[in-house]
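Comments concern the structure below.
Please read all numbers here as calculations on a predicted model, not as lab measurements.
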Amino acid sequence: MATQAQLHQPPEPAPLLALIEDDPVMGQSIADWLAIEGYRLVWLRTGAEAAARIPSIQPDLLICDIRLPDISGEEVHAVLKKHLVGIPVLFITGFGEVDQAVRLMKAGAADYVTKPFDIELLLDRIETLLAPRWQQTDGSELGISSAIVKVESILRRVAGLDSTVLLSGPTGSGKEVAARFIHANGLRAARPFVPVNCAAIPRDLLESELFGHERGAFTGAHARHVGHVERARDGTLFLDEVAELPVPMQAKFLRLLQDRVFARVGGEAPLRSAARIIAATNANLSERVRCGEFREDLFFRLNVIAIDIPALAERREDILPLALRFIGEFAGRFDREVLGFTGVAQESLFLHDFPGNIRELRNRIERAVALSEGPWIGVSDLFPERVSSPRESDAPLTLAAAREDAERRLISRALAETNDDVDRAAIRLEVSRSTLFEKIRRLGIRH
């Protein structure tokens, strides 16, 4: 069984953290825990000492108490701001100072924790803020969850084959990404990859778009048109939303799969295709066959190697790595300095169901990177539909609301990470089963 230190062990070389804390008891406790976790640490006792030393230390993360004996943490942040570009700042605050912490986050700070806090919460926040710079992978490209790692292993095995592949999964789950992965890791990687969305092409144009047409084949056909099948040559033809093929087209496509031949509209000479076929659908093709909406023989021809792509809600471990990847993509595209998520924003991502799957996640990150006012993305940047003002999304307004908000987030996360197993969640949260049930009921947590 992994020890607590192993669960939080950062990669080498260890990040350098700076702690500004005048309380000797709290400071020593934090320093001891960070040492156990393998972090390097510089402990500063006053704001003046921090202002003098931080510019030369250049830590990977700064932890600062808001209440200091000489100047406030807010003043320290203002003095050091030009030296903290790209360095996340995590504030430690009392419940009465939450408004000040929110003000600091608007000024560029990354996150805050409120006293009294559990050391595990502090360690989680530190890992979250360091993740964009320090996160490592085991070499998997599609994600880190066991579900997607297993899928990636299958995709790698079939990449070197010529068998037809049928990818299934909900809309936005990454079926085209999986198809491109197969193509890029196979023998046809240098050949064309031609994607076709069968649902996006008008039915009266579908045959012409897929197979092409000869000049004069119909009104408006002023020149020969080369279709998607022909353009794929000996590469990969990816048919997305294959369930939307009309029945007459299903018969023509069956011939392509069986005999590897097709004909342009208005043409008589059969043409050969050497393309590999990968199809995808978010529909239940077996049910479509039973309803007479999809040919059974075509289904069997497509369903040679069937691979199911899981929904994002079924592999929540992938949410943050994918989100960080999208931050890097859009920050570069928009020339924005966006460093990561606040702790509360990360929790909101982890607990969101993502009915639109990876596509929804990507769209939310694109919008957040484009519109965020600071280097750290908050809840209101990711989910603007949830709040009526930025203040409401950043922090509770009362002591009771703050406590309930913290409890609700921690309990929801524990339930999500244990697949709604209340017994395991209670052990993780170090409370009794009956206490946890009562809190779930009182806080209105979905379970």
Exercise. For Ser372 and Asp381, what are the C-alpha separation, side-chain angles and deciding distance, and is it a side-chain hydrogen bond (donor to acceptor under 3.5 Å, both in side chains)?
Worked result: CA-CA 6 Å; Ser372 65; Asp381 298 315; 5.2 Å; no
Exercise. Hey, is Glu244 close enough to Arg203 for a salt bridge, meaning N to O under 4.0 Å?
Worked result: no
Exercise. When you look at Cys198 and Met249, which way does the side chain to side chain contact (heavy atoms under 4.5 Å, CB included) test go after all the steps?
Worked result: CA-CA 11 Å; Cys198 300; Met249 277 298 299; over 6 Å; no
Problem set entry | Whether Glu21 side chain and Trp43 backbone form a donor-acceptor pair below 3.5 Å | no
Exercise. Should Lys175 and Asp240 count as side-chain neighbours, where that means a heavy-atom distance under 4.5 Å?
Worked result: yes
Problem set entry | Salt bridge flag under 4.0 Å for residues Arg364 and Glu360 | yes
Exercise. Quick one: are Leu62 and His77 in side-chain contact, heavy atoms under 4.5 Å?
Worked result: no
For this session: Applying salt bridge (Lys or Arg N to Asp or Glu O under 4.0 Å), run through Glu329 and Arg325 and close with a yes or a no.
Result: CA-CA 6 Å; Glu329 174 187 343; Arg325 185 184 302 177; over 6 Å; no
Exercise. Backbone N or O of Ala199 within a donor-acceptor pair of the Glu241 side chain at under 3.5 Å?
Worked result: no
Problem set entry | Backbone of Phe299 reached by a side-chain donor or acceptor of Asn303 within 3.5 Å | no
For this session: Would you sort out whether His228 and Arg231 count as a side-chain hydrogen bond (donor to acceptor under 3.5 Å, both in side chains), showing the intermediate values?
Result: CA-CA 5 Å; His228 295 298; Arg231 282 191 277 118; 2.7 Å; yes
Exercise. What do the steps show when you test Arg276 against Arg191 for side chain to side chain contact (heavy atoms under 4.5 Å, CB included), and what is the final call?
Worked result: CA-CA 11 Å; Arg276 180 182 190 175; Arg191 308 301 186 197; over 6 Å; no
For this session: Verify, without hydrogens or angle tests, whether Asp234 (side chain) and Ala275 (backbone) share a donor-acceptor contact under 3.5 angstrom.
Result: no
For this session: Ignoring hydrogens and angles, tell me if any N or O in the side chain of Glu366 forms a donor-acceptor pair with the backbone of Phe326 under 3.5 Å.
Result: no
Exercise. Checking side chain to side chain contact (heavy atoms under 4.5 Å, CB included) for the pair Val177/Ile309: CA distance, chi angles, key distance, verdict?
Worked result: CA-CA 10 Å; Val177 172; Ile309 309 298; over 6 Å; no
Problem set entry | Leu187 atom CG, neighbour heavy-atom count above 12 within 6.0 Å | no
For this session: Would you indicate whether the side-chain heavy atoms of Leu324 and Gln346 approach each other to under 4.5 Å?
Result: no
Problem set entry | Within 6.0 angstrom of Glu438 CD, more than 12 heavy atoms from elsewhere | yes
Exercise. Is a donor on one side and an acceptor on the other found under 3.5 Å between the side chain of Ser348 and the backbone of Ala345?
Worked result: yes
Problem set entry | Heavy-atom pair with the smallest gap, counting every atom of Arg288 and Ala283 | NH2-CB, 3.7 Å
Problem set entry | Heavy-atom donor-acceptor pair, Arg295 side chain to Val247 backbone, under 3.5 Å | no
Exercise. Using the ring of each side chain (for Trp, its six-membered ring), is Phe354 parallel, tilted or perpendicular to His352, with breaks at 30° and 60°?
Worked result: perpendicular
For this session: Consider only side-chain N and O atoms of Arg290 and Ser286, and report whether a donor and an acceptor are under 3.5 Å apart.
Result: no
Exercise. Which pairs count as salt bridge (Lys or Arg N to Asp or Glu O under 4.0 Å) when at least one residue sits in residues 159-174, sequence neighbours excluded?
Worked result: Asp162-Arg188
Exercise. Mind checking whether Pro59 and Val42 have side chains closer than 4.5 Å, heavy atoms only?
Worked result: no
Exercise. With a 3.5 Å cut-off and no angle check, do the side chains of Ser145 and Asp318 form a donor-acceptor pair?
Worked result: yes
For this session: Sequence neighbours left out, what passes ring pair (Phe, Tyr, Trp, His ring centres under 6.0 Å) with Phe300? Give chain and number order.
Result: none
For this session: Run the numbers on Val158 and Ile307 for side chain to side chain contact (heavy atoms under 4.5 Å, CB included), then give the verdict.
Result: CA-CA 10 Å; Val158 305; Ile307 302 174; 4.3 Å; yes
Exercise. Tell me, do Asn357 and Arg359 make a side-chain contact under 4.5 Å, heavy atoms counted?
Worked result: no
Exercise. Does Ser273 offer a backbone N or O that forms a donor-acceptor pair with the side chain of Glu230 under 3.5 Å?
Worked result: no
